[in-house]
Amino acid sequence: MPSVLESTHGARPLTQLSEEERMFQTSVRCFARERIAPHVREMDEKGIFRPELLREMFALGLMGIDVPEEYGGQGGTFFQSVLAIEELATIDPSAAVIVDVQNTLVNNALQRWGTEEQKRRFLPKLATETLASYALSEAGAGSDAFALTTQAVDQGDCWSLTGRKLWITNAYEAGLFLVFATIDPGQGYRGITCFLVERGFPGFQVGKKEDKLGIRASSTCELILDDCRVPKENVLGQVGKGYKVAIETLNEGRIAIGGQMTGLAEGALRHALSYARQRKAFGKPIGEHQGVQFELAQMAVEVEAARLLVYNAARLRDSRQPFVTEAAMAKYFASDIAEKCASRAVEIFGGVGFTKDYPVEKLYRDAKIGRIYEGTSNMQRVVIAKDLLGKS
Ligand SMILES: Cc1cc2nc3c(=O)[nH]c(=O)nc-3n(C[C@H](O)[C@H](O)[C@H](O)COP(=O)(O)OP(=O)(O)OC[C@H]3O[C@@H](n4cnc5c(N)ncnc54)[C@H](O)[C@@H]3O)c2cc1C
């Protein structure tokens with residue numbers, strides 16, 4: 001007889017974790033609760049992620065989760081990266097996005113398109129000590145990313161990059177930047193090339209740090225490239241094929257943003273549940289009023305649905321099956337319900353929910369970014385609709 005958790009066809013429930021996945025999830029959960037939680041409010045107020053927590057995330061292996069052990073990483077899976085991002089986001093979505101960019105964009109791109117020499121040079125540092133950024137967006141190129149104008153000129157022995165990048169996560173602390181530039185704006189997306197820019201390169205500068213609504217502890221900065229000299233061996237992938245690097249990494253990265261938003265919604269639900277048990281009105285805990293129970297039940301359904309979409313997309317990706325539409329659905333849905341759950345949590349807390357003395361107002365602010373970065377909600381709908389109409 002198959003056990004309750006096994007079907008006769010060998011399929012297993014999406015949320016059933018392997019022993020390794022469960023142990024990993026538990027270790028991230030403990031770290032988030034014990035080490036990050038005490039500092040969340042202060043980091044949000046100051047707009048700074050504590051350097052010692054970043055060092056601890058490296059030490060715990062959270063910055064090279066699916067990097068093979070031979071390159072200094074943990075040898076895990078993309079799914080485990082998503083699990084880590086989800087767990088961190090229940091406590092602090094800023095910590096989650098730091099881990100997201102490092103693992104699902106930068107490490108991912110290097111593993112897929114890096115030469116052996118590039119992997120040996122960069123991955124061990126990325127897994128253990130060097131934070132990285134992924135720099136695609138510009139003032140005039142967000143959703144329309146390939147309208148970017150940062151120009152790369154071939155100087156014979158090196159490339160010269162000139163332009164400005166905007167909204168770059170991790171940039172304040174990062175030592176390595178994946179910078180997308182065009183070798184010829186006239187060629188459209190076919191001119192786009194990805195460069196590995198190291199912080200000390202001449203002509204490279206990290207500019208203004210944004211003062212944001214949410215995920216305030218995660219740095220978001222402008223990058224200024226003024227005749228920045230990049231060695232020829234620092235091109236990632238082929239010249240003119242940077243668009244593939246961008247599209248394919250973002251297709252995967254957005255699954256993890258779905259994970260971040262699911263974790264945020266789970267965090268909001270946990271806070272709401274605990275408050276509903278202790279706050280009394282009309283002679284009993286508010287959780288005993290059916291109106292509040294219905295709100296909590298709705299949140300739980302939404303979190304579960306988002307998690308299923310996210311886990312499905314991540315497991316499809318790890319098993320090398322098509323996942324692009326599922327990834328867009330996961331990010332679209334999870335960021336939508338994250339906003340709703342955080343909003344409901346604020347209301348369940350009543351007046352105090354609107355103050356900074358309780359954690360839900362921060363989650364409400366943090367939720368907004370889910371519908372904007374790594375492709376806005378409209379851009380996810382474009383992907384889904386193209387697939388539906390057979391145009392992808
Ligand atoms: C906190 C933060 C962190 C970020 N981190 C990074 C990072 O690390 N690296 C990086 O490269 N970028 C990053 N970004 C940039 C982010 O990816 C872009 O802001 C996002 O893609 C949207 O681009 P935009 O801001 O130019 O908005 P626009 O593209 O100008 O969009 C404005 C509005 O128009 C809508 N719209 C645009 N085109 C269409 C269309 N064809 N159909 C329907 N609606 C449309 C959009 O959905 C949106 O609602 C970050 C942004 C923020 C705020």
Side-chain angles (χ1 to χ4, degrees), residues 44 47-49 85 89 92-109 131-150 161 163-174 176-182 192 194-195 197 206-225 236 242-243 245-254 256-258 260-261 264 328 331-332 335-336 338-339 362 365-386 389 391-392:
D44 177 62
I48 289 177
F49 197 79
I85 290 159
D92 186 8
S94 288
V97 75
I98 293 171
V99 169
D100 166 80
V101 169
Q102 186 89 356
N103 285 278
T104 72
L105 298 182
V106 179
N107 293 347
N108 193 1
L131 192 63
S133 287
Y134 181 91
L136 179 63
S137 302
E138 298 180 2
S143 302
D144 189 7
F146 298 150
L148 63 84
T149 58
T150 294
L161 268 54
R164 284 176 179 233
K165 294 287 173 187
L166 209 55
W167 316 118
I168 307 309
T169 300
N170 290 351
Y172 187 73
E173 303 90 350
L176 180 70
F177 301 78
L178 291 201
V179 175
F180 293 85
T182 177
I192 292 173
C194 183
F195 297 88
V197 175
V206 175
K208 177 176 164 262
K209 187 172 159 199
E210 305 295 338
D211 187 6
K212 308 193 297 290
L213 171 74
I215 55 162
R216 290 174 48 79
S218 148
S219 67
T220 313
C221 307
E222 184 184 25
L223 304 184
I224 302 160
L225 298 115
L236 182 67
Y243 69 93
V245 180
I247 290 173
E248 292 183 21
T249 41
L250 287 172
N251 280 342
E252 300 187 348
R254 67 181 48 132
I257 296 299
Q260 181 199 27
M261 290 294 126
L264 189 157
K331 188 205 179 242
Y332 174 75
S335 54
D336 189 52
E339 257 190 329
K362 174 182 176 293
R365 287 185 284 109
D366 286 351
K368 192 72 234 176
I369 193 60
R371 292 175 63 92
I372 298 173
Y373 60 14
E374 294 201 31
T376 65
S377 287
N378 272 359
M379 298 323 288
Q380 307 311 321
R381 288 191 281 202
V382 167
V383 172
I384 297 161
K386 263 191 190 162
L389 297 165
K391 290 183 185 164
S392 50

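All ligand and atom numbering here is 1-based and tracks the order in the structure. Numbering of residues begins at 1 and proceeds along the displayed sequence.
Within 4.0 Å of atom 52 (C) of ligand 1, at least one protein heavy atom is present. Under the 4.0 Å distance rule, the nearest protein heavy atom to atom 33 (C) of ligand 1 falls outside the cut-off. For atom 29 (O) of ligand 1, a protein heavy-atom neighbour is present inside the 4.0 Å cut-off.
Counting only heavy atoms of the protein, atom 43 (C) of ligand 1 lies nearest to N378 ND2, 3.4 Å. Distance from atom 39 (C) of ligand 1 to its nearest protein heavy atom, with residue and atom name: M379 SD, 3.8 Å. The protein heavy-atom contact nearest to atom 31 (O) of ligand 1 is S143 OG, 3.7 Å.
Within the 4.5 Å cutoff, the side chain of T149 has heavy atoms near those of the E138 side chain.
Considering backbone and side-chain atoms together, L136 places an N or O closer than 3.5 Å to an N or O of ligand 1. For ligand 1, the polar-atom distance check against D144 finds no nitrogen or oxygen pair separated by under 3.5 Å. Considering backbone and side-chain N/O atoms, E138 never comes within less than 3.5 Å of an N/O atom of ligand 1. Residue T169 has at least one N or O atom closer than 3.5 Å to an N or O atom of ligand 1.
Of the possible polar contacts, none joining the S137 side chain to the G142 backbone as a donor-acceptor pair under 3.5 Å is found. Under the 3.5 Å distance criterion, the side-chain polar atoms of T376 are left unmatched by any main-chain donor or acceptor of I372. A distance-only check finds no donor-acceptor pair linking the side chain of K212 to the backbone of I369 [under 3.5 Å]. The main-chain N or O of G214 is never found under 3.5 Å from a side-chain atom of R365 such that the two would form a donor-acceptor pair. The main-chain N or O of R381 is never found under 3.5 Å from a side-chain atom of K386 such that the two would form a donor-acceptor pair.
Counting heavy atoms closer than 4.0 Å to ligand 1, residue T376 contributes side-chain atoms (C-beta onward) but none from N, CA, C or O. Looking at E374 against ligand 1, only its backbone comes within 4.0 Å, counting heavy atoms. The residue N170 has no part lying near ligand 1, judged by heavy-atom distances below 4.0 Å.
Atom OH of Y172 sits in a sparse spot, with 12 or fewer heavy atoms from other residues, nucleotides or ligands closer than 6.0 Å.
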Go through Y134 and T249 one step at a time and tell me if the side-chain hydrogen bond (donor to acceptor under 3.5 Å, both in side chains) criterion holds.
CA-CA 10 Å; Y134 181 91; T249 41; 2.8 Å; yes

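One option in S137, G140, A139 has a heavy atom closer to atom 15 (C) of ligand 1 than any other, and that option is S137. With Y134, W167, F177, F180 as candidates, the residue nearest to atom 50 (C) of ligand 1 on a non-hydrogen basis is W167. For atom 20 (C) of ligand 1, the candidate residues are I372, V382, V97; the nearest heavy-atom contact is made by I372. Here the shortest heavy-atom distance to atom 26 (O) of ligand 1, taken over G142, A246, G375, belongs to G142.
Distances below 4.0 Å separate heavy atoms of I369 from the following atoms of ligand 1: 1 (C), 2 (C), 52 (C), 53 (C). Annotation for ligand 1: atoms under 4.0 Å from non-hydrogen atoms of K212 are 1 (C). Residue contact check: T220 has heavy atoms under 4.0 Å from atoms 1 (C), 2 (C), 3 (C) of ligand 1.
Exactly one of N103, N108, T104 qualifies for a side-chain hydrogen bond (donor to acceptor under 3.5 Å, both in side chains) with E252. That residue is N108. Applying side-chain hydrogen bond (donor to acceptor under 3.5 Å, both in side chains) to E222 and the options K208, K165, R164, K209 leaves one that passes, R164.
Look at D92 and K362 and you find a salt bridge, because one of the NZ, NE, NH1 or NH2 atoms lies within 4.0 Å of a carboxylate O, short of that distance.
Atom CG in L176 sits 8.5 Å away from atom CD in Q102 (nearest 0.5 Å).
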